[in-house]
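Here is the structure we will look at, set down as structure tokens.
Excluded from the calculations below are hydrogen atoms, water molecules and symmetry mates; all remaining heavy atoms, backbone and side chain alike, are included.
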Amino acid sequence: MPGFELFGDKEREQLNDVLDSGVLMRYGFDGMRNGHWKAKELEKALEKRMQVNHAQLVSSGTAALTVALACGKVGAGDEVILPTFTFVASFEAVLSVGAIPILVDVDDTLTLDPEAVEKAVTSKTKAVMPVHMCGSMADLAPLKSICDKHNLILLEDACQAIGGSYEGKPLGSYGDLGCFSFDYVKTITCGEGGAIITNNKEYYKSADQYSDHGHDHIGKDRGAEDHPILGYNYRISELHAAVGLAQIERLDDFMATQKKNYSVLRSALEKIPGISFRRVPKNGVENYSFLSFYLPTEEMARKTIKAFSENGVDACFYWFDNNWHYYRKWGHLKELNGLNGFSKEIKAGLPNYEASNFSKSDHWVSRNISCLIKLGWTDEEVTSRAEKMVNVLQNIVINKT
């Protein structure tokens with residue numbers, strides 16, 4: 001998700017503007033900054049682009065998830081349903097607020113299976129967290145129905161899917177809260193950063209306060225501000241916000257390039273019998289940051305990823321064996337290995353994931369390969385890449401070598 005591929009004059013201009021003002025902190029120092037407020041400007045740009053009333057910038061995508069959960073008053077003993085295929089930050093955020101991560105199966109969207117979610121709901125469930133992995137979304141309409149039925153919070157983790165949409169709404173804006181990451185390898189980047197978006201005024205007010213030590217941000221004297229709630233430091237800096245402000249202006253251009261390159265590769269692979277593609281839900285538009293497809297068997301998937309590497313096809317991922325993104329390698333979660341202790345609610349409530357049956361997830365993820373779509377490829381490089389991928393797949397799927 002390579003926003004970092006195309007840094008240029010716009011990013012330099014925004015950064016120099018901050019350095020010239022001399023104020024790197026997003027709050028205070030009103031007299032020194034001469035009206036320069038990069039974080040506020042980026043929040044307004046996000047509100048416009050995501051078609052929401054409120055956006056709150058924070059220091060990372062992980063911080064965004066943590067703050068969003070706190071805004072929803074998710075806490076000790078509450079359960080949050082999330083997928084077996086995600087990034088470790090998802091369950092880290094849940095644990096950080098004292099809640100219990102409840103993993104459930106993914107389906108052919110590579111995201112939350114609504115049937116599995118419905119079965120997992122208990123009296124302790126407080127939120128459902130679909131994670132729009134690799135640029136595409138969960139079946140949000142049925143998930144929203146489940147949340148409405150059980151009075152649950154729908155929290156979209158759209159950290160890997162900014163720019164995509166569902167039923168005409170930007171991803172992140174469909175649920176009660178949406179979260180983005182702007183780290184170095186996301187579609188657009190701040191270097192480090194994240195954001196929460198919402199149409200709920202109370203959630204926004206809580207996010208604004210909680211992410212800055214509980215400050216109410218009323219008045220122009222930071223030292224005199226009240227602290228209505230306990231909070232923490234999840235602030236973004238003006239330097240990081242400045243990079244993001246330049247990058248969000250380029251989001252549509254980035255996506256257009258990704259779609260063009262994605263389409264060339266997909267058109268080539270579609271001709272190979274036995275290859276199927278990740279399902280994008282009806283009325284959904286992915287952001288084309290990855291091309292994800294399924295091989296007929298796990299054995300073929302393993303052979304393919306090895307052959308891709310041997311033939312110079314880089315940036316392709318076999319998530320089934322990945323340490324960060326799939327439940328099989330999350331020993332630190334299964335064993336609750338942390339530097340600090342965990343509450344009795346977490347210890348008593350965390351399922352025995354060593355004994356859990358996620359065979360439905362395994363069915364899809366073990367046969368999946370996801371290939372990153374880069375912005376910097378020339379047309380010749382994309383064509384050459386497509387040819388190499390087709391040759392590998394023909395040998396493995398058709399010739400069975």
Side-chain angles (χ1 to χ4, degrees), residues 46-47 49-56 61 64-65 67-74 78-86 90-91 93-94 99-180 195-204 206-207 278-287 360-361:
L46 280 167
E47 289 166 0
R49 183 63 173 78
M50 300 303 155
Q51 302 172 24
V52 293
N53 294 332
H54 308 290
Q56 178 68 39
L65 294 170
V67 173
L69 289 165
C71 292
K73 297 185 178 179
V74 177
D78 293 332
E79 294 177 349
V80 179
I81 296 173
L82 60 155
T84 52
F85 177 45
T86 179
S90 301
F91 63 76
V94 173
I100 302 164
I102 302 297
L103 302 179
V104 305
D105 277 315
V106 299
D107 58 19
D108 57 343
T109 66
L110 289 176
T111 63
L112 275 181
D113 178 355
E115 290 185 9
V117 171
E118 180 68 67
K119 291 177 183 177
V121 174
T122 72
S123 60
K124 295 182 179 179
T125 306
K126 191 72 174 284
V128 174
M129 186 193 294
V131 184
H132 306 320
M133 289 292 289
C134 300
S136 190
M137 74 295 307
D139 267 320
L140 286 169
L143 291 176
K144 187 175 188 304
S145 295
I146 293 168
C147 288
D148 290 345
K149 174 183 174 182
H150 298 285
N151 193 29
L152 307 175
I153 295 167
L154 181 59
L155 168 54
E156 290 180 74
D157 179 341
C159 291
Q160 290 193 4
I162 191 169
S165 64
Y166 182 82
E167 294 183 351
K169 295 182 178 181
L171 294 180
S173 71
Y174 192 90
D176 300 292
L177 292 146
C179 293
F180 298 108
I196 304 108
I197 61 172
T198 185
N199 286 312
N200 184 304
K201 186 176 181 180
E202 289 304 310
Y203 286 160
Y204 167 67
S206 296
R278 171 195 198 163
R279 178 172 64 87
V280 177
K282 183 180 179 182
N283 298 319
V285 179
E286 58 187 313
N287 78 351
K360 290 183 178 179
S361 296

Got a second to check how far Gln56's CD is from Ile197's CD1, nearest 0.5 Å? 12.5 Å
Evaluate the side chain to side chain contact (heavy atoms under 4.5 Å, CB included) criterion for residues Met137 and Val285: first the C-alpha distance (whole Å), next the side-chain angles of each, then the deciding distance (0.1 Å), finally the verdict. CA-CA 8 Å; Met137 74 295 307; Val285 179; 5.6 Å; no
Heavy-atom pair with the smallest gap, counting every atom of Thr125 and Thr122: OG1-N, 2.8 Å
Residue Glu47 excluded, over 12 heavy atoms near CD under 6.0 Å: yes
Can you measure from CD1 (Ile100) to CD (Glu79) and round to the nearest 0.5 angstrom? 5.5 Å
Compare all side-chain heavy atoms of His54 with those of Lys201 and state whether any distance is below 4.5 angstrom. yes
Would you mind reporting whether Leu154 and Pro130 have side-chain heavy atoms less than 4.5 Å apart? yes
Nearest heavy-atom contact between Pro83 and Val106 is CB-CG1, 3.7 Å
Residues 149-160 vs salt bridge (Lys or Arg N to Asp or Glu O under 4.0 Å), sequence neighbours excluded, gives Glu118-Lys149
side-chain contact (heavy atoms from CB on, under 4.5 Å) partners of Ala99, counting only residues at least two apart: Val74, Asp78, Val80, Val94, Val97
Sequence neighbours left out, what passes side-chain contact (heavy atoms from CB on, under 4.5 Å) with Ser206? Give chain and number order. Cys71
Treating Thr84 as the side-chain partner and Asp105 as the backbone partner, does any N or O pair qualify as donor plus acceptor under 3.5 Å? no
Any residue meeting side chain to side chain donor-acceptor pair (under 3.5 Å) with Asn200, in chain and number order, not counting sequence neighbours: none
Asp113 meets the side chain to side chain donor-acceptor pair (under 3.5 Å) criterion, sequence neighbours left out, with none
A side-chain contact here means heavy atoms from C-beta on lying under 4.5 Å apart; do Glu167 and Leu140 qualify? no
Between Leu65 and Met129, does the side chain to side chain contact (heavy atoms under 4.5 Å, CB included) criterion hold? Intermediate values first, please. CA-CA 10 Å; Leu65 294 170; Met129 186 193 294; 4.3 Å; yes
Taking all atoms of both residues into account, what is the closest heavy-atom pair of Leu110 and Phe85, and its distance? O-CD2, 3.3 Å
According to the ring pair (Phe, Tyr, Trp, His ring centres under 6.0 Å) rule, which pairs have a member within residues 113-167, sequence neighbours left out? Tyr166-Tyr174
Suppose we screen for side-chain contact (heavy atoms from CB on, under 4.5 Å). Which residues come up paired with Ala64, at least two apart in sequence or across chains? Val58, Cys179, Ile196
Enter the distance from Ile81:CD1 to Ile146:CD1 here, rounded to the nearest 0.5 Å. 8.0 Å
Report yes or no: does Gln160 contribute a side-chain atom to a donor-acceptor pair with the main-chain N or O of Cys134 at less than 3.5 Å? yes
For Val128, which of Ile153, Asp176, Leu112, Leu155 qualifies under side chain to side chain contact (heavy atoms under 4.5 Å, CB included)? Leu112
Under a 3.5 Å distance rule, please check whether Lys126 uses its side chain to pair with a backbone N or O of Lys73 as donor and acceptor. yes
So side chain to side chain donor-acceptor pair (under 3.5 Å) across residues 135-148, not counting sequence neighbours, yields Asp139-Arg279, Lys144-Asp148
Those residues at least two apart in sequence (or on a different chain) that pass side chain to side chain donor-acceptor pair (under 3.5 Å) with Thr111 are Thr109
Kindly give the heavy-atom pair with the smallest separation between Phe180 and Leu171, and that separation in Å. CZ-O, 3.3 Å
Show the nearest heavy-atom pair for residues Tyr204 and Ala55, with the distance to one decimal. CE1-O, 3.7 Å
Check side-chain contact (heavy atoms from CB on, under 4.5 Å) between Asn199 and all other residues, then give those that pass, not counting sequence neighbours. Val52, Asn53
